[in-house]
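Shown next, in structure tokens, is the structure this report addresses.
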Amino acid sequence: MGSEFSKLEHIRDIMALHGRELAIALVILIVGLYLAKWLTGHLKIGLGRLTKNANLISIVSNIFYILFLFVVIIAATTEVGFKTVIIFRFLMVVSLAAIGVMVLFRPYIPTLPFKVGNTVKVADLLGKVEATTFLNTRLKTFDGKTVFVPNRQILNDIVINYHFTKTRRIKVDVQVRYDQDILTAKRIMESIMLADPRVKKIPRPVVYTLALEDSWVKLGARCWVDNPKFWFTRCDLIEKVKYGFENEGIRIAFPQVDVHHYDVDEPIEFPAEDELA
Amino acid sequence: MKIGQTLKVIDKGWIRKPKGFRVHYQRQTDTQLETEFTPELDDPPLDSDVAAWRTAWKLQQATLADNAEFGDGQVFNIYVVDDEGALVKYYKTNAFKIYNKFSCPDAHNKA
């Protein structure tokens, strides 16, 4: 009890001696932290107007934030009475140690396989990454929902990151009836792809005869487009193939079973089981 | 001829890949029909003829006149052109199409 009382007395003495400096240092720290965030946010907006490179914006903003934080910490500690040189040296040592640890152990640290702004498919959700925190990732799906996915689940799941591939293959499969000219159908599909400005010249668009099914011939058109244009191009191609077939008289097959009835006088004799064996 | 050269010949001679599409229309003024485009010629063109034809149709729907008289500001001869200014066939019918057809010698010539 006595020792605790002496501790309180000691704190009281410190506050009496350095209270004003401590209060000013605290104000500098709080205002500095708030200012650092505010300035970094505005810097990001400003840089966003100059360049669309999200990585560059992020790096420059982070460097600015760290440097500003350095200045704030040094100003606050100097106000308390610490020597600037010592604080500066301490911060440098901490920074270098942090960088060293990151460089050495980065391959062993589990990291999320995407960055903010990437379009990803994870946990059966397709959307754009809005933010990542230590615990979860904020995803904005294309139907407008904001979903928070736990990072633990992301690290254990298969992630498709559409950002890393600049181009993507479009697949349009159609079924045409057996009595239709499949060469005409293939020509229509290929010409539609070739005439579209969004479809890449290389790799060349191709149409395959994929299968001879029970009631139709399956044709498959394949072409490559820039990733952001994938969805609209695919929808347009499907629409144009449909109308292209109609214009050229190609009939698309639909699931059906043809039943042929033979009107015979004599009953049909089925082979005995032992004959079949 | 090598296969690469053959493919170049095919690309050049078979089907042309336009660089983009614009909706052409003419606006009635006091004295004449003024030709305009959307997107404008200074802006990048649309990369989809489906989107361009849809825009043309919507433009026609928005400017349909209740009466038959042609007044100032009405829009005629709405159709889709490619990057070379040539009329583009309507993909639905595979034929040339002009909405609100009034008079457009250029279009008739190209068609």
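Proteins come first, then strands; the chains are lettered A, B, ... in the order of their sequence lines, and each starts at number 1.
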*So which of Arg204(A), Lys201(A), Glu248(A) has the biggest tally of heavy-atom pairs under 4.5 Å with chain B?*
Arg204(A)
*Would you mind checking if Lys17(B) and Asp196(A) are paired as a salt bridge, meaning a charged N to carboxylate O distance below 4.0 Å?*
no
*Evaluate the side-chain proximity of Lys240(A) to Asp49(B): yes if any heavy-atom separation is below 4.5 Å, no if none is.*
yes
_Contacting moiety of Lys19(B), where chain A heavy atoms sit under 4.5 Å_ = backbone
Can you confirm whether [X] is buried at [atom1], in the sense that more than 12 heavy atoms of other residues, nucleotides or ligands lie under 6.0 Å from that atom?
X: Arg16(B); atom1: CZ; result: yes
X: Leu41(B); atom1: CG; result: yes
X: Asp143(A); atom1: CG; result: yes
X: Trp14(B); atom1: CH2; result: yes
X: Gln61(B); atom1: CD; result: yes
X: Phe142(A); atom1: CZ; result: yes

*Mind listing the closest non-hydrogen atom pair of Asn247(A) and Thr93(B) along with its distance?*
ND2-C, 3.6 Å
*asked:* Looking at every heavy atom in both Pro197(A) and Gly20(B), which two are closest together, and how far apart are they?
replied: CG-N, 4.5 Å
*asked:* Quick check on Lys242(A) against chain B: is it the side chain, the backbone, both or neither that has a heavy atom closer than 4.5 Å?
replied: neither
